Amino acid sequence: MKSERQHSKILIRGVEKYYKEHTALSSIDLDILQGELVCIVGPSGCGKSTLISLMAGFEKPSCGSVSIDGKEVKSPDSDRIMIFQDYGLFPWKTVMGNILFALQAKKIKGEEAFQTAREYIDLVGLEGSENKHPYQLSGGMKQRVAIARALAVEPSILFMDEPFAALDAFTRMRLQDEILRLWKEKQPTIVFVTHDLDEAVYLGGRIFVMASNPGRLSRVVKVELPRPCNRTSSAFVSYRNELFREFQLVHEKTEEYII
Amino acid sequence: MGTIANNLKKLLPVVSIAVFLLFWQYSSGFYSSTLLPSPLEVLAALFELIERGVLAEHITVSILRFLAGYILAVIFAVPLGIMFGYYPLFHFAVDPLIQVLRPISPIAWFPLAVLWFGIGNAPAVFIIFLASFFPLLLSTLDSVRQIPSIYFKVAANFGAGKRTVFFKVILPAAFPGIMVGLHIAVGTAWIHLVAGEMLGSQSGLGYLIVDSRNFLRTDWIIVGMLTVGIIGLVIYNIMKMFEIFIKKIWGVES
């Protein structure tokens with residue numbers, strides 16, 4: 001079991017990504033273990049979205065390799081589902097319809113698909129909203145639907161690209177707890193991109209810190225906290241300060257005071 | 001106070017129509033009725049045409065031609081629009097051709113239409129077809145091209161096949177845009193129906209207007225014009241109701 005946990009799930013070696021003259025990512029190397037929940041943080045323009053998009057197979061690296069379970073990633077796959085900031089729900093389908101779409105694409109049909117969809121609707125606490133359309137739901141509920149749709153096909157990896165960035169603070173915190181609960185229950189590997197440092201500390205067992213121009217990994221912070229953890233504990237605050245220092249936010253702030 | 005103001009507001013359109021009719025009645029006093037018949041004379045002409053059964057006949061013919069041309073346009077333009085929207089290379093290839101043909105008024109096609117199809121229903125149907133074809137083609141094309149890429153990403157992520165993507169993503173995602181095209185095309189088609197019938201038909205509302213001119217029955221001309229206007233309004237409203245109904249099914253707030 002222990003060795004199983006240590007098994008490398010995602011392996012990135014020497015990945016670079018260029019868009020014409022612009023270097024979006026330069027010499028990225030990283031390993032993500034099976035069942036890990038890692039966060040990738042960085043300022044906008046550091047290439048964190050590009051990186052997760054490469055891992056999910058939506059884009060291809062200019063050089064280097066991305067492999068999952070030892071196989072090179074060539075295209076998106078239903079074993080690894082991406083959750084987007086703007087949900088990616090089909091507005092013409094109900095909550096149920098959106099989840100059935102995913103199951104039917106995986107050739108799960110009829111009563112079985114219906115049962116599975118219902119199970120995952122319940123799992124994210126949306127019972128009673130099966131027949132609503134996305135426009136009738138709040139942002140938080142929409143993201144729950146997207147999460148239910150993703151989990152319904154039982155992927156081994158969830159990629160989350162700033163999934164809670166558009167939500168208000170309270171909804172965001174509630175969904176963070178939800179993600180931790182689902183992670184413990186279903187044990188997928190989760191790669192979570194965010195620019196919210198609190199969110200990174202609250203969720204990530206390891207935090208990959210990125211810097212821009214060119215987009216690169218600058219540090220890895222290992223967070224040893226129980227999950228879920230107390231957001232006001234001194235350990236939490238010290239991890240957060242470490243990240244703040246990394247981005248020189250603390251430094252800038254003191255400078256402002258001096259001036 | 002507020003409700004009284006509201007009720008008065010509702011009366012405003014009635015007032016403007018009344019003012020228009022009074023102005024019309026007043027000015028008709030200065031001209032002979034062959035130049036400008038009064039509203040009352042037009043009303044009398046309306047009853048005359050209804051009584052003779054002529055009006056109903058022309059209306060029926062016009063609506064049938066309109067439906068034929070319009071439905072033909074839908075059958076051709078919507079699939080073509082989806083194809084051009086989905087395959088950028090196709091669109092690239094045909095876009096110059098579309099851009100050249102589009103600004104040509106459907107009426108300019110008339111001489112060719114008569115040469116090709118003779119006199120009768122066909123030229124008018126052809127004109128209506130052309131009048132609805134381009135707005136439908138272009139709005140369908142645009143609505144397919146403007147489908148947010150995230151829908152395709154999600155579909156690809158879950159491993160949806162080409163058929164599923166076409167029927168379960170592209171069609172429904174483009175649908176509201178296609179609906180807008182259907183709406184616009186109804187308007188342009190109806191406007192051109194009259195032109196088509198004025199030039200090459202022996203029946204229909206457009207024919208009624210031209211033919212009445214030959215007899216100097218100005219009152220009949222105006223009856224014809226007003227009938228075209230009112231039916232256009234009715235068609236427009238039916239379309240609007242249909243759109244609201246579709247949007248409800250489709251699950252979009254309207």
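Here the structure is a predicted model, which is why all the values come from computation and not from measurement.
Geometric assessment of A/Lys106 against the ring of B/Phe158 yields a negative cation-pi assignment under the 6.0 Å and 45° thresholds.
Sparse packing is recorded around CE of B/Met225, with 12 or fewer heavy atoms of other residues, nucleotides or ligands lying under 6.0 Å away. Dense packing is recorded around CZ of B/Phe152, with more than 12 heavy atoms of other residues, nucleotides or ligands lying under 6.0 Å away. Enclosure of atom CZ in B/Phe117 by more than 12 non-hydrogen atoms of other residues, nucleotides or ligands within 6.0 angstrom is indicated. Counting non-hydrogen atoms of other residues, nucleotides and ligands closer than 6.0 Å to CG of B/Leu89 gives a total of 12 or fewer. Enclosure of atom CD in B/Glu57 is not indicated, since only 12 or fewer non-hydrogen atoms of other residues, nucleotides or ligands lie within 6.0 angstrom. Around NZ of B/Lys240, the count of heavy atoms belonging to other residues, nucleotides or ligands within 6.0 Å does not exceed 12. No more than 12 heavy atoms of other residues, nucleotides or ligands lie within 6.0 Å of CZ in B/Arg145, so this atom counts as exposed by the packing criterion.
Residue A/Gln136 does not touch chain B at all, counting heavy-atom pairs closer than 4.5 Å. Looking at A/Leu103, neither its backbone nor its side chain comes within 4.5 Å of chain B, counting heavy atoms on both sides.
Note that CD1 of B/Ile150 is 9.0 Å distant from CE of A/Met82, once rounded to the nearest 0.5 Å. One finds the CH2 atom of A/Trp92 at 5.5 Å from the OH atom of B/Tyr151 (value rounded to the nearest 0.5 Å). In this structure, CZ on A/Phe84 lies 6.5 Å from CG on B/Asn157, to the nearest 0.5 angstrom.
Heavy-atom neighbours of chain B within the stretch residues 69-79 of chain A, taken at a separation under 4.5 angstrom, comprise A/Pro76, A/Asp77, A/Ser78. Close approach to chain B, defined as a heavy atom under 4.5 Å from one of its heavy atoms, is seen in A/Arg149, A/Ala150, A/Val153 of residues 141-172 of chain A, taken by number.
Heavy atoms only, all atoms of each residue included: A/Phe101 and B/Lys168 are closest at CE1-CB, 3.9 Å.
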